[in-house]
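First up is the structure itself, then whatever we jot down about it.
Start at 1 with the first residue, then count along the sequence. Fair warning: this is a prediction, and the values are worked out from it, not measured in the lab. Counting starts at 1 for both ligands and their atoms, in listed order. Worth knowing before you read on, the calculation uses all heavy atoms, side chains too, and leaves out hydrogens, waters and symmetry mates.
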Amino acid sequence: MRDSESAWRSALYGPNGFFSGGAVPADHFRTAPLIGPELAEALLVLLDRVDFHLGRPSRLDFVDMGAGGGELAAAVRELAPRACADRLHVTAVDLGPVRHHPGVTWTREAPSAVTGLLVGHEWLDAVPCPLVVGPHDDPWLTRWWPLAPGWRAEIGTPRDRAWADVVSRVRGAALAVDYGHLRADRAAGRYRDGTFAAYRAGRRVEPVFDGTCDLTAHVALDACAAAAGGDHVLVSQRDALAALGLSTAPTGSGLAWLESASRASRVAELRAPGGLGSFGWLLHGVGVRTADLLPPLPPWRP
Ligand SMILES: C[S@@+](CC[C@H](N)C(=O)[O-])C[C@H]1O[C@@H](n2cnc3c(N)ncnc32)[C@H](O)[C@@H]1O
């Protein structure tokens, strides 16, 4: 079953892979950075808190890990306030082709040291892992996804390693934003068919490993959290965005009200229960306390 991981990897990142071949995520699925500038605005609020608690270092990083088309990195660069713009280095990391955005550096690997905020927005769901059917003997499954006979699962070890690796490079904060699940629900059989799925041009399709579709699976964010360790919180996007100041109430009058109403509807989409609002935000503080970055929020319930 380890072969399924290699097949998945070469289908996305091999010579004719879906992402390595240049597929722009925006053509196949709608992610939060494509909705509008509001996610970037909220992340700039978070970045400012990190910056403050790091003592406003001479170099401040924002790293967009698994950047896809680079929309998030570009928006952060463009909207960064003057107070930090000169110190800010924005890096987009992706295995796909380089995209050009003014002021954004592209790399294929995470920088070895990051001082500031690293964000993996819908990155970990695109990290391939072994697909298995229970019963199956694997220590990760025993700890994180106990299987009854016939249940399907994805072994999260490659995601745990990938996340722990990037968090270890950070001084400041690292944030994974993704759809995912928790052990209690996995063990109870809520995901007994597994979550592996394929998408092409916005539609769910039958998975094929030939580079013609995106292959993805929900992320065991609790396992990633434990793998990276340290001070962390796991909360919903809905709550986190409100805590970073994104509100859904339109204000003003006339044209200002219209603009504010359309902004409110974009924020509502980002915070929609059962939609993007149910994404998990896994935030690690490294040299900065997560309690200084977000107020106490209810634990994430996907
Ligand atoms: C689902 S897309 C998300 C794109 C973007 N962050 C967004 O939210 O619109 C996942 C991206 O992660 C990239 N990726 C996956 N594994 C990676 C790795 N190890 N290093 C760099 N990029 C990676 C893929 O190439 C793909 O562009």
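By the 30° and 60° cut-offs, the orientation of the rings of His181 relative to Trp145 is perpendicular. Trp123 and Trp163 have tilted rings, their planes meeting at an angle from 30° to 60° on a 0 to 90° scale.
The CZ atom of Phe18 sits 10.5 Å away from atom OG1 of Thr216, with the distance rounded to the nearest 0.5 Å.
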Below 3.5 Å only, please: the N or O atoms of ligand 1 paired with protein N or O atoms, distance on each line.
from     : atom 1 : to     : atom 2 : distance (Å)
ligand 1 : 6 (N)  : Gly66  : O      : 2.7
ligand 1 : 6 (N)  : His121 : O      : 2.7
ligand 1 : 8 (O)  : Thr31  : OG1    : 3.4
ligand 1 : 8 (O)  : His121 : O      : 3.3
ligand 1 : 8 (O)  : His121 : ND1    : 2.7
ligand 1 : 9 (O)  : Thr31  : OG1    : 2.6
ligand 1 : 16 (N) : Trp123 : NE1    : 3.2
ligand 1 : 22 (N) : Leu95  : N      : 3.4
ligand 1 : 25 (O) : Asp94  : OD1    : 2.6
ligand 1 : 27 (O) : Asp94  : OD1    : 3.3
ligand 1 : 27 (O) : Asp94  : OD2    : 2.7

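Side chain of Arg159 to backbone of Val127: a donor-acceptor contact under 3.5 angstrom is found.
You'll find the ring centres of Trp151 and Tyr191 outside the 6.0 Å limit.
With sequence neighbours left out, the side-chain hydrogen bond (donor to acceptor under 3.5 Å, both in side chains) criterion links Arg289 to Asp292.
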